[in-house]
Amino acid sequence: MARGAGLLLLLLLLLLCCLGRGRAPGDAGPEVRDLPGQPWREQGCKQPREEPSREPQGWSLPLVGQDYLEILSSWYCSFGNCCETGDCRIVNNVTGLESDLNRRLHGQHLAKNVILRAMRSFLETPQPAKALALLFHGWSGTGKNFVARMIADHLYRDGLKSECVKVFISLFHFPHPKYVDLYQGQLKKQIRETVQLCKQSLFIFDEAEKLHSGLLDAIKPCVDPHTSISEVDYRRSIFLFLSNIGGNTLNQVALDFWRAGRTREEITMESLERHLRMELREATDSGFAHSHLLQENLIDFFVPFLPLEYHHVKLCVRDAFLARSLPYTEDMLEEVVRMMVFIPKEEKLFSAQGCKSVSHRINYFLP
């Protein structure tokens, strides 16, 4: 009842604002059809209001009513765009990103540290020297897509649905090598238009190892430290490249540490980066090996995603139950993990699929 009364009060105040603000009792006022097509846009995105005039202006909305109107406009803007560009939808919640990574990303101490350091430094720099380019490495299911989605969710109010975020899947968006020239023009146009709409844009390239080198070179000018290209400034853009390349190197290093009795948390970037670069350059079937992005060192950070062990997958299973508000027991968690395949054959240490398919496997426990 109290909620209904409060909503009714808000609606009445809004009605008073629309009918009476700035109008004397004898005035007829404009008809509804003459009002602007998007009045909420003007109200929700305006600058902080000035002090009200002291001169009488006929009917006016009490200050508390104005406050309610601004609350309502903010509520409306949480569901729709409020301005001509996507910039008013940018939140850059790095604290929330850090909390989410610590709580929901399992077994990836290196990825957490590199991503947070890179994001915080880039977002806190008033005018970066170049766009931020990160290359996520690792086997399928280790969290690359999961983290990319998390970044979008914490940098933009609308997450992956934001007009400032574009996702490209190599074999889906660029399936035919013979049309590379056409794809280049389309990709450049899409990136340029997004940056013109949102000065801080996020571009995610999934299966990046399958991108043609010509497409990677089309991206290169946007990642180069230029002031602008054709009057478009790309320096506040973020490029994430998600790749399975490097997975074998990461798995071997993690296995060597385990066999030596050392924990995976002892693995450092210094012990990985040289091996990752070597594997990238030797990947003859990947466009990255021949691209100027790699040859000219335009990738700012290599972000390794290590293979996941039994207890990491178990945490993923728990998270999947919690995400669907399903009850679970330790035995249920163990049973789901035992459905997964672990390698190498002798040690059975790493999940061959990471945490992929976990959410589907808990369907066995539904009534």
Side-chain angles (χ1 to χ4, degrees), residues 92-123 132-155 159-160 165 167 202-209 238-258 262-280 288 294 299-316 318-320 349-356 358:
N92 288 345
N93 183 9
V94 180
T95 301
L97 175 62
E98 181 177 13
S99 175
D100 237 7
L101 287 171
N102 288 330
R103 184 170 53 90
R104 302 172 61 201
L105 182 66
H106 307 299
Q108 304 297 356
H109 67 287
L110 291 174
K112 289 178 187 177
N113 293 337
V114 174
I115 290 168
L116 286 172
R117 186 171 72 248
M119 286 294 169
R120 184 172 283 116
S121 174
F122 180 76
L123 295 175
L132 179 64
L134 305 181
L135 184 53
F136 290 5
H137 294 275
W139 263 6
S140 177
T142 52
K144 300 185 299 295
N145 288 88
F146 183 58
V147 171
R149 184 167 60 250
M150 201 181 292
I151 290 172
D153 286 341
H154 287 287
L155 265 56
L160 291 177
V165 179
V167 179
L202 173 63
F203 302 98
I204 302 171
F205 294 87
D206 196 9
E207 300 177 344
E209 74 278 3
I238 301 170
F239 291 81
L240 304 182
F241 300 96
L242 283 51
S243 172
N244 289 338
I245 293 181
N248 293 334
T249 294
L250 295 173
N251 296 350
Q252 188 60 53
V253 170
L255 184 60
D256 290 344
F257 267 69
W258 183 82
R262 303 173 66 184
T263 66
R264 65 194 284 126
E265 285 72 26
E266 295 179 71
I267 301 174
T268 64
M269 287 299 300
E270 289 73 19
S271 60
L272 287 176
E273 190 160 350
R274 181 173 61 84
H275 298 292
L276 288 173
R277 287 181 180 273
M278 187 179 301
E279 184 173 341
L280 267 173
F288 257 106
L294 189 65
I299 301 298
D300 297 295
F301 293 94
F302 293 86
V303 185
F305 285 77
L306 298 170
L308 298 181
E309 300 175 15
Y310 187 97
H311 62 285
H312 301 132
V313 179
K314 186 175 177 180
L315 290 171
C316 290
R318 181 206 62 187
D319 291 348
L349 181 62
F350 305 129
S351 170
Q353 298 171 289
C355 283
K356 189 170 286 187
V358 159

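- Contacts of D256 classified as side chain to side chain donor-acceptor pair (under 3.5 Å), with partners at least two apart in sequence or in another chain: Q252.
- Under the rule for a salt bridge (charged side-chain N to carboxylate O under 4.0 Å, His left out), R274 has no partner lying at least two apart in sequence or in another chain.
- In terms of the salt bridge (charged side-chain N to carboxylate O under 4.0 Å, His left out) criterion, residue partners of R120 (sequence neighbours excluded) are, by chain and number, E98.
- When the side chain to side chain donor-acceptor pair (under 3.5 Å) test is applied to D153, no partner is found at least two apart in sequence or on another chain.
- Among F302, F301, F241, the single residue meeting the ring-ring contact (aromatic ring centres under 6.0 Å, His included) criterion with H137 is F302.
- Under the side chain to side chain contact (heavy atoms under 4.5 Å, CB included) criterion, N92 pairs with I90, L123, L155, Q200, not counting sequence neighbours.
- In this view, E265 satisfies the salt bridge (charged side-chain N to carboxylate O under 4.0 Å, His left out) rule with no residue, not counting sequence neighbours.
- Every residue two or more places apart in sequence or in another chain that forms a side chain to side chain contact (heavy atoms under 4.5 Å, CB included) with D100 is listed here: R103, R104, M150, H154.
- Between F239 and L202 there is no side-chain heavy-atom pair separated by less than 4.5 Å.
- Put simply, the side chain of D300 never gets that close to the backbone of L134: no donor and acceptor are under 3.5 Å apart.
- Taking T268 as the reference, E270, S271 meet the side chain to side chain contact (heavy atoms under 4.5 Å, CB included) condition, with sequence neighbours excluded.
- With sequence neighbours excluded, the residues that form a side chain to side chain donor-acceptor pair (under 3.5 Å) with R264 are E309.
- The two residues K356 and S140 come nearest to each other via the heavy atoms NZ-OG, 2.6 Å.
- Among all heavy-atom pairs drawn from L276 and T249, the shortest one is N-CG2, 4.3 Å.
- Among residues two or more places apart in sequence or in another chain, the salt bridge (charged side-chain N to carboxylate O under 4.0 Å, His left out) test is passed with K314 by E330, E334.
- Looking at residues two or more places apart in sequence or on another chain, you find no side chain to side chain donor-acceptor pair (under 3.5 Å) involving K112.
- In this view, A111 and Q108, I115, V303, F305 satisfy the side chain to side chain contact (heavy atoms under 4.5 Å, CB included) rule, not counting sequence neighbours.
- The minimum heavy-atom distance linking G143 with L105 is given by the pair CA-CD1, 4.5 Å.
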